[in-house]
A.B. asks: 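Below is the structure I would like to discuss, written out as structure tokens.
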Amino acid sequence: MSTAAATATESDTTSPKPEIRIYNTLSKRKELFAPLRPPKVGIYLCGPTVYAESHIGHMVGPVIFDTIKRYLRYSGYDVTLVINITDVDDKLIAKSHQRGIPMSQIACEMTADYLANLKELGVNQIDYLPRATDHMPQIISFIEELEKKGFAYAVDGDVFFDVARDPNYGQLSNRTADAQQGEGGEAAGKKRSPGDFALWKSSKAEQISWDSPWGPGRPGWHIECSAMSHQILGDTFDIHGGGLDLMFPHHENERAQSGCCHDAPMVKYWLHNGLMRAGEKGKVGGKSDREPNPDEAAAGKISRSKGAGGLAELIRTQTGERIRFFLLRTHYRSTIVYGEKILEEAGTSLETFYRFFDRFNEITSKVETHDHPGQLFYDLPTPKSRSEGDFDPAGDPLLTEIHAAREKFLAAMDDDFNSGAAISVLFDSIRLLNRHIDAHSLASGADPEQSEVKSLIKSATVIRELSNVLGLFIKPPATAGGDDQDTAMLDQVVHLLIDLRKEARERKDYATGDAIRDRLSDLGIALLDKKEGTSWERS
RNA sequence: GGCGACGUGCCCGAGUGGUUAAGGGGGCUGAUUGCAAAUCAGUUUUUCAGCGGUUCGAAUCCGCUCGUCGCCUCCA
């Protein structure tokens, strides 16, 4: 990876670095992205507490930051993406007692569930997945350091961060010193001020605990992220991400701990993604999860995304790519309204791409020669960097338009990763190519040396390059709700019927032909008669 | 109560001062087709919650009103 990135970087020195602007929660403005140690970029994203199976809302951050890493890498940076796993926490402890099994086992199961879901959504850019329980020495020494520097104080086995000692406290979430952390919680009596938060919590005898200078206990939530991000990314790193709901207190506290401990700003750019909301029923996975009310249950539609196994089941019926596309259609800072209808609609629009890829495959497989081994869309070479993908349209009308579309796509992504606008360019491009195929009758057979075919293949390469940046269309789409072996068998059977129908139509027996089509349609199989032949899709 | 976000055409959703307001979904029309589907073209779309202000010019800036939502306690 480092070799490839270094090569890309070197080749980029000739051309100006792309100007990427990102919205920084701290400054509340879009800023020009300038990493601390180019070409290296460090990104830390707050991951889940693994006490239950994940829901679709948990996927928002990972999909976005996976995409951000893809784009930055594509733009010549050498990116390290860290997503942590919180595997020790009050809820995990409670769950462990409830189920009568060790906390680590629950954490293990739920981490596996989380990772399996990420994989289905094409999230594969994560470099480190640190677990809190693997970082106890770092966490403890971090707290010791804070105590030594006078930012923390121990009381009866608990250790608290002294908020009053940090003059920058509250900057990120825009809160004044006296309006923080309410009453101070159960440990209020031990705190110097209600806003102080726990770095270390002493454990009762029967609870899981780690030895520490303050006695047996476990780390507070915020310190885990400070310790792990420091361990992997250093005193100051480029990007810290997370959901808007984590801004306070979690990120504010992380920022205080790390900033005070290392006497340096923790993070240059704070990025916060919008939360997902289910219809009009409040945010998915929020309080409504634990306090379901009868009215919501009656609404029904959102229940699938809640509770055990919700996401895995959703992925099975909807496919991971559909969900990823759905998440990327909306700007990452906006609230995403989740609903089954909206997800279906996203799926419908994806079909436009899949049909084009099929169409492209059929055309290029026909022009196959020894010079042109049948170029299937999913096998096209994929330019890995911005400079590598650039090309000269050389006056070709189609390539001139595709080149302009590519510029538009990149401009959208440069502007705070506007994936929604970028996707619209992809749709435009597909229309350009369909029009091109129609105008030059490429579907009914073409010469591989024909310039229109060459420009079609080149254009498809650009589509592949750009969609790859979004993590879309990397491999042929999975079939919703089905397994691949059954699908292969079904495909053969349907093609048998397509052949029979073709024979009927050739002898003008339209009644038989239409009967085959109609009855397949009743079974949810739509036939597509095109110049290049008949294919099918699920309707 | 404190802090903050949002309200875009039938629906979803880009768009933070200046060409005809992206794109998708749906409806309708035309080309194409034996007929459909797919594809292409056009249309639904002078309009951006309402009112007022700034400006040569605003969906975009300011003020007020109405509405929706989030955080302030664990949460991606």
Side-chain angles (χ1 to χ4, degrees), chain A residues 25 28 30 45-49 51 54-65 83 86 89-91 114 170 173-176 178-186 221 241-250 252 272-277 280 282-287 289-290 325-326 329-331 333-337 339 341-352 355-356 358-359 408 412 415 418-428 430-439 443 505 508-510 513-514 517-518 521 526-531 534-537 539:
Chain A
T25 307
K28 296 181 175 58
K30 282 182 195 169
L45 174 67
C46 288
T49 301
Y51 71 97
S54 39
H55 55 73
I56 187 170
H58 287 124
M59 299 292 111
V60 178
V63 165
I64 286 159
F65 283 89
I83 301 185
T86 297
D89 140 290
D90 290 353
K91 279 193 207 131
Y114 180 70
S173 58
N174 189 27
R175 268 156 227 269
T176 54
D178 41 295
Q180 289 142 5
Q181 297 251 205
E183 307 301 312
E186 353 178 304
W221 175 36
L244 266 174
D245 51 347
L246 294 184
M247 195 166 87
F248 185 87
H250 186 52
E252 191 71 73
H272 289 97
N273 59 266
L275 304 177
M276 182 172 280
R277 196 158 58 81
E280 275 86 57
K283 130 185 123 174
V284 173
K287 286 167 185 160
D289 255 7
R290 294 185 301 283
F325 178 78
F326 165 69
R329 280 196 329 166
T330 308
H331 187 94
R333 277 190 285 116
S334 303
T335 301
I336 300 177
V337 180
K341 270 186 192 160
I342 302 173
L343 196 53
E344 289 289 344
E345 189 190 302
T348 303
S349 61
L350 266 183
E351 296 296 329
T352 299
R355 282 195 211 101
F356 170 77
D358 283 346
R359 198 179 191 199
K408 205 173 157 191
D415 182 16
N418 192 340
S419 54
I423 283 173
S424 79
V425 176
L426 256 27
F427 276 104
D428 287 339
I430 295 298
R431 186 183 303 112
L432 284 174
L433 298 191
N434 272 323
R435 190 191 295 160
H436 182 258
I437 292 169
D438 289 349
R505 292 173 69 210
K508 306 276 187 203
D509 180 4
Y510 293 122
D514 289 353
R517 182 175 65 195
D518 292 347
S521 174
L527 297 187
L528 309 176
D529 289 333
K530 291 171 284 191
K531 286 213 173 72
T534 300
S535 61
W536 68 279
E537 67 185 22
S539 53

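Just so you know, these numbers use all the heavy atoms, side chains as well, and skip hydrogens, waters and symmetry mates. Lettering of chains follows the sequences in order, A, B, ..., and the numbering in each one begins at 1.
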A.B. asks: With sugar-phosphate meaning primed atoms plus P, OP1 and OP2, does His331(A) contact a base, only sugar-phosphate, or nothing at under 4.0 Å between heavy atoms?
C.D. replies: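 The residue His331(A) makes sugar-phosphate contact but no base contact.
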A.B. asks: What nucleic acid atoms does Ser349(A) come within less than 4.0 Å of, heavy atoms only: base, sugar-phosphate, or nothing?
C.D. replies: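 Answer is sugar-phosphate: Ser349(A) comes under 4.0 Å of backbone atoms only.
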A.B. asks: Provide the distance between the two P atoms, one in G63(B) and one in A76(B), to the nearest whole Å.
C.D. replies: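 Rounded to whole Å, the distance is 35 Å.
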A.B. asks: With distance as the sole criterion, is a donor-acceptor pair present between the side chains of Arg355(A) and Asn434(A) under 3.5 Å?
C.D. replies: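 Not at all, the side chains of Arg355(A) and Asn434(A) share no donor-acceptor pair under 3.5 Å.
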A.B. asks: Do Lys408(A) and Asp428(A) come close enough that some side-chain heavy atom pair is under 4.5 Å?
C.D. replies: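 Lys408(A) reaches Asp428(A) side chain to side chain.
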A.B. asks: Can you check the Arg329(A) CZ to A14(B) P distance for me, whole Å?
C.D. replies: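 About 9 Å, once rounded to whole Å.
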A.B. asks: Rounding to a whole Å, what distance do you find between Asn273(A):CG and A5(B):C1'?
C.D. replies: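 Distance check: Asn273(A) CG to A5(B) C1' gives 14 Å.
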A.B. asks: How far does the P atom of G9(B) sit from the matching atom of U45(B), given to the nearest Å?
C.D. replies: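 Per the computed distance, 11 Å lies between those P atoms.
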A.B. asks: Please determine whether a side-chain nitrogen or oxygen atom of Ser419(A) lies at a distance below 4.0 Å from atom OP1 or OP2 of A14(B).
C.D. replies: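 No, outside the criterion.
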A.B. asks: Distance check, C1' atoms only: G27(B) and C12(B), in whole angstrom units.
C.D. replies: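 Taking atom C1' in both G27(B) and C12(B), they lie 15 Å apart.
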A.B. asks: Each nucleotide in nucleotides 27-42 of chain B should get exactly one letter: B, S or -. Can you fill that in based on protein heavy atoms under 4.0 Å?
C.D. replies: -------BBBBSSSS-
A.B. asks: Which whole-number value in Å describes the distance from Met247(A) CE to G2(B) P?
C.D. replies: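 Value for this atom pair: 17 Å.
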A.B. asks: Check the distance between G24(B)'s P and Phe356(A)'s CZ and give it to me in whole angstrom.
C.D. replies: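 The answer, rounded to whole Å, is 15 Å.
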A.B. asks: Among side-chain atoms of Thr49(A) and Asp89(A), is any donor-acceptor pair under 3.5 angstrom?
C.D. replies: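 Judged by distance alone, the side chains do not pair up.
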A.B. asks: Classify Asp518(A) by what it touches in the nucleic acid, base, sugar-phosphate, or nothing, heavy-atom distance under 4.0 Å.
C.D. replies: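 Result for Asp518(A) = nothing.
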A.B. asks: So, for Ala421(A) and Ala412(A), which heavy atoms are closest and what is the spacing to 0.1 Å?
C.D. replies: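 Closest approach of Ala421(A) to Ala412(A), heavy atoms only: CB-CB, 3.8 Å.
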A.B. asks: Look at Asp438(A) together with Arg435(A) and state whether they make a salt bridge at an N to O cut-off of under 4.0 Å.
C.D. replies: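 Salt bridge absent between Asp438(A) and Arg435(A).
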A.B. asks: How close do Leu528(A) and Glu537(A) get, heavy atom to heavy atom, and via which atoms?
C.D. replies: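 Looks like CD1-OE1, 3.7 Å.
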A.B. asks: Touch check for Ser535(A), heavy atoms < 4.0 angstrom, all strands: base, sugar-phosphate only, or nothing?
C.D. replies: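 It contacts nothing in the nucleic acid.
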A.B. asks: NA contact type, Gly61(A), heavy-atom cut-off 4.0 Å: base, sugar-phosphate, or nothing?
C.D. replies: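 Nothing: the residue Gly61(A), judged by heavy atoms under 4.0 Å, touches no strand.
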A.B. asks: Taking atom P of C6(B) as reference, at what distance in whole Å does atom CD1 of Ile336(A) sit?
C.D. replies: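 Spelled out: CD1 on Ile336(A) to P on C6(B) is 15 Å.
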A.B. asks: Go nucleotide by nucleotide along RNA chain B from the 5' end; which of Ala346(A) and Ser334(A) gets its closest nucleotide reached first?
C.D. replies: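 Going by which nucleotide is closer to the 5' end, it is Ser334(A).
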A.B. asks: For RNA chain B, just give me the dot-bracket, please: Watson-Crick or G-U, both distances below 3.5 Å, ( ) intra-strand, [ ] crossing earlier pairs, | paired with another strand, . unpaired.
C.D. replies: ((((((((.[[[..)..(....]]]((((((.......))))))....[[[[[..)....]]]]])))))))....
A.B. asks: Tell me which nucleotide among U16(B), G25(B), A76(B) gets nearest to the side chain of Asp415(A).
C.D. replies: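 Shortest atom-to-atom distance from the side chain points to U16(B).
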A.B. asks: Quickly work out the Arg333(A) CZ to A14(B) C1' distance and round it to whole Å.
C.D. replies: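 Rounding to the nearest Å, CZ of Arg333(A) and C1' of A14(B) are 13 Å apart.
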A.B. asks: Whole angstroms only, please: what is the CZ-C1' distance between Phe325(A) and C12(B)?
C.D. replies: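 From Phe325(A) CZ to C12(B) C1': 11 Å.
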A.B. asks: Considering only the P atoms, how many Å lie between G24(B) and U60(B), rounded to the nearest integer?
C.D. replies: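 Those two atoms are separated by 26 Å.
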A.B. asks: Is any side-chain heavy atom of Phe325(A) less than 4.5 Å from a side-chain heavy atom of Ile423(A)?
C.D. replies: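 Yes, their side chains come closer than 4.5 Å.
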A.B. asks: Between Thr330(A) and Ser419(A), which heavy-atom pair has the shortest distance, and what is it?
C.D. replies: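 It is O-OG, 3.9 Å.
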A.B. asks: Is there a donor-acceptor pair closer than 3.5 Å between any side-chain N or O of His250(A) and the backbone N or O of Met247(A)?
C.D. replies: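 Not at all, since once roles are kept as given, no pair shorter than 3.5 Å links the two residues.
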A.B. asks: Looking at the side chain of Thr330(A), which of G25(B), A14(B), C72(B) is the nearest nucleotide?
C.D. replies: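 Shortest atom-to-atom distance from the side chain points to A14(B).
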A.B. asks: In whole angstrom, give me the gap between the P atoms of C6(B) and G17(B).
C.D. replies: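 15 Å, rounded to whole Å.
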A.B. asks: How far does the P atom of A49(B) sit from the matching atom of C10(B), given to the nearest Å?
C.D. replies: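 Looking at atom P only, A49(B) and C10(B) are 13 Å apart.
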A.B. asks: Kindly point out which of C3(B), A76(B), G25(B) is positioned nearest to the side chain of Asn174(A)?
C.D. replies: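 From the listed options, C3(B) comes nearest.
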A.B. asks: Could you give the NZ-to-P distance, from Lys28(A) to C3(B), as a whole number of Å?
C.D. replies: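 Spelled out: NZ on Lys28(A) to P on C3(B) is 13 Å.
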A.B. asks: Under the side-chain hydrogen bond (donor to acceptor under 3.5 Å, both in side chains) rule, collect the residues that match up with Ser173(A), sequence neighbours excluded.
C.D. replies: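 side-chain hydrogen bond (donor to acceptor under 3.5 Å, both in side chains) check on Ser173(A) returns Arg175(A), Glu252(A).
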A.B. asks: Are Thr352(A) and Ile430(A) close enough that some pair of their side-chain heavy atoms sits under 4.5 Å apart?
C.D. replies: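 SC-SC contact between Thr352(A) and Ile430(A) confirmed.
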A.B. asks: Considering only the C1' atoms, how many Å lie between U55(B) and U44(B), rounded to the nearest integer?
C.D. replies: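 Straight-line distance between the two C1' atoms is 33 Å.
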A.B. asks: Say we look at A59(B) and G18(B): how far apart would their P atoms be, to the nearest angstrom?
C.D. replies: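 Straight-line distance between the two P atoms is 10 Å.
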